[in-house]
Amino acid sequence: MSEEVTAPSGGTKPSPEPTPKPPSPEPEKATPESERRGAGPEQDGPVSESDALRSLAEGSGTDDPERSEAQRAGAIADLIAQRLSADASGTRIGTLALFNDTVSFGGGFHTDGGRRHRERPAADEGSVLPLDSAELDDHTARFVEPPSYRSVLGVLRERRFLVLTGPSGSGREATAVNLLAEALALAGADGGGICHRLLDASALLAPGWEPPVPDSGYLAHVEDGPAGAHGFDALPRLLPAVVAALKAKGCHLVLTGGQDLAVAVRGDGGTAVASHVLAPVDPLAVLERRVLGLGAAPEAHTALRARLASGGVVDTLRELPAARHAARLAADLSAGRDVAAAAAALRDPSDQVRAWFDRHRNPEAVAFALAAAALEDSGYLTVAEAAVKLRASLTEPGLAPPDVRFRDRLGDEQQWIRLDTTGGGAPRVRFRNPLLGQVVLLYAWTGLDGWREPLLSWLRQLLGHTDLEVRARAAVAAGVLAWADHHYAVHRYLTTWAAGESWPLRQAAATALGVAGGDEDSTEAVWALLHDWARGGSSARARRLAGTAANTAGGILGRTAPARAVAVLRDALDRDDDWGTLPSVAWGGVHLVHQGQAGALLAAYLDWSAPRDLSPMVVKSLSAFVFATTRPYEPGVDGPVDGIAGVPLLLSGLPAHRAALAELWARSLARKPVQDTALLALRDWIDVHADRAGPSALDALGGLLADVARRPGSHRARLLWWLEKWAHEREQPSRNAALLHARLSRTS
């Protein structure tokens, strides 16, 4: 402020000259926590100036859970928003399209094509179908043996019957065909077909089953899922009769399936069943064998690997390691098609999500997928617990807790999800493609109409979780849902949350709006909404909406559009005699500083306080500025700007913005009611933060105070008076204040 104060009549009165006594009384002691909690209740009508300033002063302490929560939630939202911006087109619900995969799920591992097999006619019974020569060649030519293949072959030859399980697309059928072919060849079989497909695997459970064609191999498949494996828990009991029938006719049989079949045959007597879980094979090895065959020169392998890496094929197979995808891309390469385009199509998250939801409709699988999408990068137990709660809202309650084992099904139903143990500690749940989680949420929100209400209720419950990261991720998920239909989201849940009496709920709304505004189709609508809320009325509800708008503007939206952010802050602050939005605007300004936009914010505070009088807008602006000077930086939490732990960015960043800071400090120190808090903040800069900031900080602060002192009026005298007082206090004399006083005394 200047040295003149505008009187109510419009005239001016001179400011008194400095005297040997302080221009303001000693700052009051902080209000006890118990009294703070009861002060300043949210009420209709304008909040008084004294209540707002007291609330702001009380919020400047370092141990503030609200501040910590806001910053940490913003940091998590930042990371997710940055990841989404890498390929925004891949996350749009409008791009979801059914991908018609023409590659057989069975073709996965291929090897030496030296063997040729005679075709055999179908059995008269019609219960089996021989594999034709094309199928046999597709499975056996250039086959890549999975781990333990030779030992499993020995078990099949000895026991005649083998249960081979693995996830869909893992190459379980190709492995089964090769096992059968080799077992029969080694046994010298000559009368039957090399491999027949048993059309109904449940026929094995019928009393008296016998193989229709002697000296043959039989491939039987159990459909994935609990329904397909139903009844196969009886297999251990029936196995002796089945094996006896196979031996009597010189046959071998491999039964393939997924996790549910593996669980079913492990029941009573399961030790009698020869079973093997198929280990994954390197998909790049599958692709290379398919394209180059056996005996290719090392130069050919090197050239192919380089082509695969540059075309995105390596990344695709890292995210989609099933052998069927390697087979598809190998076919594209061999046919001369654009393999980079084919890899991109396979990797497209929209196609993957549509195909997955078409295959999986049971609440257990869908609940875990949605929990992983909302809480991606959380620990497995956290995600599993959330999935159980979501599942409970979609199924009839039972008398006992459900027997749900998500981890056992990850490699089967949830092949797109992995448990990452990098860095040690509890495994964390991550999608193989970083964009999949958001598309899963959008698909469920727009496509599963009966799930929308429980999904929203579930997210709302997560916002009250004891783990801050869970709350923040749930808020981000709510922002992703808003991409599908901004208008619906605003009226269905965002406005309710933004106007809620719970501060964490309002923070969740701000986080969600920041994420929603990151989508280019929603950006303008989000900014328009923030302005509308900021300009609202003076009721408690309207004030809360304005506060949420200010909080949102200071977040990730403000980083890329600082001019728009400060415009929202002004709308929220310039509300005549309503002071209730001051704390929210001050916090929004702090967040904007931590987003790297201190210059835009300081310029705005200079503009808004330009009249240098005691009008509400001037006092509010300067109070918000002083608040920003008190907020210590917390690495890893406070935005993308580098700072020093425990030191306000506006100090550690000196001499950046020095001219603006000098003018704002001068205005803040010149008059009450801002003067008292400004003096407290300045002393903290001198006695606490300058030492933390390093040797050069005190020198930079001295230069700043010299700039303040050069301004016309009493600024120099005021600074010298307070510096001398702090330097010679009986209980806590300030060495830094003494040094600054000596320096300022020497400057003109």
Flag the pair Arg359 and Glu413 as a salt bridge only when some basic side-chain nitrogen lies within less than 4.0 angstrom of an acidic carboxylate oxygen. no
Considering only heavy atoms from C-beta outward, does the side chain of Leu333 approach that of Val313 to under 4.5 Å?
-> no
- request: Would you indicate whether the side-chain heavy atoms of Phe232 and Val163 approach each other to under 4.5 Å?
  value: no
>> Strictly below 4.0 Å, N to O, side chains only: are Asp485 and Arg452 in salt-bridge contact?
In response: no
- Message: Measuring only between side-chain heavy atoms, which start at C-beta, is Arg460 closer than 4.5 Å to Trp497?
- Response: yes
Tightest non-hydrogen contact, residues Leu557 and Leu513, listed as CD1-O, 4.1 Å
Under 4.5 Å between any side-chain heavy atoms of Arg432 and Gln352, yes or no? no
SG (Cys195) and CG (Asp132) are apart, to the nearest 0.5 Å, by 11.0 Å
Residue set satisfying salt bridge (charged side-chain N to carboxylate O under 4.0 Å, His left out) with Glu364, at least two apart, ordered chain then number -> none
### Task
Flag this pair as yes if the NZ/CZ of Arg407 is under 6.0 angstrom from the six-membered ring centre of Tyr380 and inside a 45 degree cone about the axis; otherwise no.
yes
Please examine the side chains of Gln507 and Arg471, heavy atoms only from C-beta on, and report whether any two atoms are closer than 4.5 Å. no
In this structure, CG of Leu320 is separated from CG of Asp315 (nearest 0.5 Å) by 11.0 Å
Open item on the list: Show, in sequence, the C-alpha distance, side-chain angles and deciding distance for Glu453 and Arg492, and conclude whether the salt bridge (charged side-chain N to carboxylate O under 4.0 Å, His left out) test is met.
Closed with: CA-CA 10 Å; Glu453 183 66 29; Arg492 181 64 183 84; 2.5 Å; yes
Between Val383 and Ser378 the two heavy atoms that sit nearest each other are CG2-CB, 4.0 Å
### Query
Going by heavy atoms in the side chains, are Asp408 and Gln259 under 4.5 Å from each other?
yes
Quiz item: Does Arg354 pair with Asp351 as a salt bridge, N-O distance under 4.0 Å?
Solution: no
- Query: Can you tell if the side chain of Ser170 reaches within under 4.5 Å of the side chain of Val281, non-hydrogen atoms only?
  - Reply: no
Interatomic distance, CG@Leu505 vs OG1@Thr496, rounded to 0.5 Å, equals 8.5 Å
**Prompt:** Above 12 or not: heavy atoms from other molecules or residues under 6.0 Å from CZ of Arg337?
**Reply:** yes
Begin with the C-alpha distance, continue with both residues' side-chain angles, and end with the deciding distance and a verdict on salt bridge (charged side-chain N to carboxylate O under 4.0 Å, His left out) for Glu145 and Arg289. CA-CA 11 Å; Glu145 294 182 1; Arg289 182 70 63 83; over 6 Å; no
Checklist entry - Can Glu173 and Arg197 be counted as an ion pair, charged N to O under 4.0 angstrom? => result yes
Would you call Leu180 and Leu156 a side-chain contact if the rule is heavy atoms closer than 4.5 Å? yes
